[in-house]
Amino acid sequence: MDRAEVEAALRRIVVKNSALPIRSIAPEDSLTADLGFDSLALLTTLGDLEEQFGVPFPVEEVDELQNLRFADLVGFVERRLAGREA
């Protein structure tokens with residue numbers, strides 16, 4: 001899966017789980033501050049990431065997600081996918 005495919009999948013997941021009506025997502029948008037994610041949305045997002053990408057995202061990682069920007073989330077998922085292929 002290339003970066004564009006990862007980003008497109010993440011945009012769908014973020015829009016689904018955001019508390020805000022999102023028309024577009026900027027790379028610098030913070031999941032919590034800009035996109036309105038609360039702890040439940042972050043937990044749901046972890047589950048959606050597991051389902052979408054077929055790799056585990058432990059619940060303990062929810063704290064890490066709180067401070068991520070959208071661009072960081074793309075990198076976070078890419079690193080996990082690269083680890084799966086290693």
Side-chain angles (χ1 to χ4, degrees):
M1 182 173 276
D2 68 20
R3 184 175 183 87
E5 292 172 318
V6 169
E7 190 171 327
L10 287 174
R11 285 183 186 281
R12 288 189 299 273
I13 290 169
V14 167
V15 167
K16 174 183 168 266
N17 293 316
S18 176
L20 303 174
I22 299 174
R23 303 280 186 272
S24 64
I25 301 167
E28 65 276 359
D29 283 347
S30 162
L31 294 178
T32 53
D34 299 316
L35 301 175
F37 275 59
D38 59 14
S39 57
L40 179 58
L42 291 169
L43 286 171
T44 302
T45 298
L46 283 176
D48 290 345
L49 293 174
E50 285 187 1
E51 184 177 317
Q52 175 68 44
F53 298 107
V55 294
F57 289 89
V59 172
E60 294 79 22
E61 293 181 337
V62 75
D63 290 336
E64 187 175 343
L65 289 182
Q66 289 181 6
N67 300 314
L68 291 183
R69 298 173 305 129
F70 181 76
D72 299 330
L73 180 62
V74 174
F76 176 79
V77 170
E78 285 182 318
R79 286 188 299 280
R80 187 58 53 87
L81 291 174
R84 176 183 68 181
E85 295 168 1

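These numbers come from the heavy atoms of this one structure, side chains and all, not from hydrogens, waters or symmetry mates.
- Side-chain contact check for Glu28 versus Asp34: every heavy-atom pair is 4.5 Å or farther apart.
- How far CD of Glu78 is from CD of Glu5: 11.0 Å, rounded to the nearest 0.5 Å.
- Contact record, Ala33 with Ser30: N-OG, 3.1 Å, taken as the closest heavy-atom pair.
- Counting heavy atoms from C-beta outward, Val14 and Asp29 have side chains that stay 4.5 Å or more apart.
- Contact detail for Val77 and Leu10: the closest heavy-atom pair is CG2-CD2, 3.9 Å.
- Once rounded to the nearest 0.5 Å, the distance linking CD of Glu7 with CG of Asp2 reads 10.0 Å.
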CA sep, side-chain torsions, deciding dist, call: Ile13, Lys16, side chain to side chain contact (heavy atoms under 4.5 Å, CB included): CA-CA 5 Å; Ile13 290 169; Lys16 174 183 168 266; 5.7 Å; no
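- A 4.5 Å side-chain heavy-atom check between Leu40 and Thr44 finds at least one atom pair inside the cut-off.
- Side-chain contact between Arg3 and Val6 is absent, with no heavy atoms from C-beta onward closer than 4.5 Å.
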Going through the checks in order, is the side chain to side chain contact (heavy atoms under 4.5 Å, CB included) test met by Leu49 and Thr45? CA-CA 6 Å; Leu49 293 174; Thr45 298; 4.2 Å; yes
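- Figure legend: Arg80 and Phe53 shown without cation-pi pairing, the cationic atom not lying both under 6.0 angstrom from the six-membered ring centre and within 45 degrees of its axis.
- Contact check for Phe70 versus Arg11: side-chain heavy atoms found under the 4.5 Å cut-off.
- In this structure, CG in Asp38 is found 10.0 Å from CD in Gln66, a value given to the nearest 0.5 Å.
- Residues Leu42 and Thr32 are in side-chain contact: their nearest non-hydrogen atoms beyond the backbone lie under 4.5 Å apart.
- For the pair Leu46 and Val62, the tightest heavy-atom approach, listed with the atom from each and the gap, is CD1-N, 3.8 Å.
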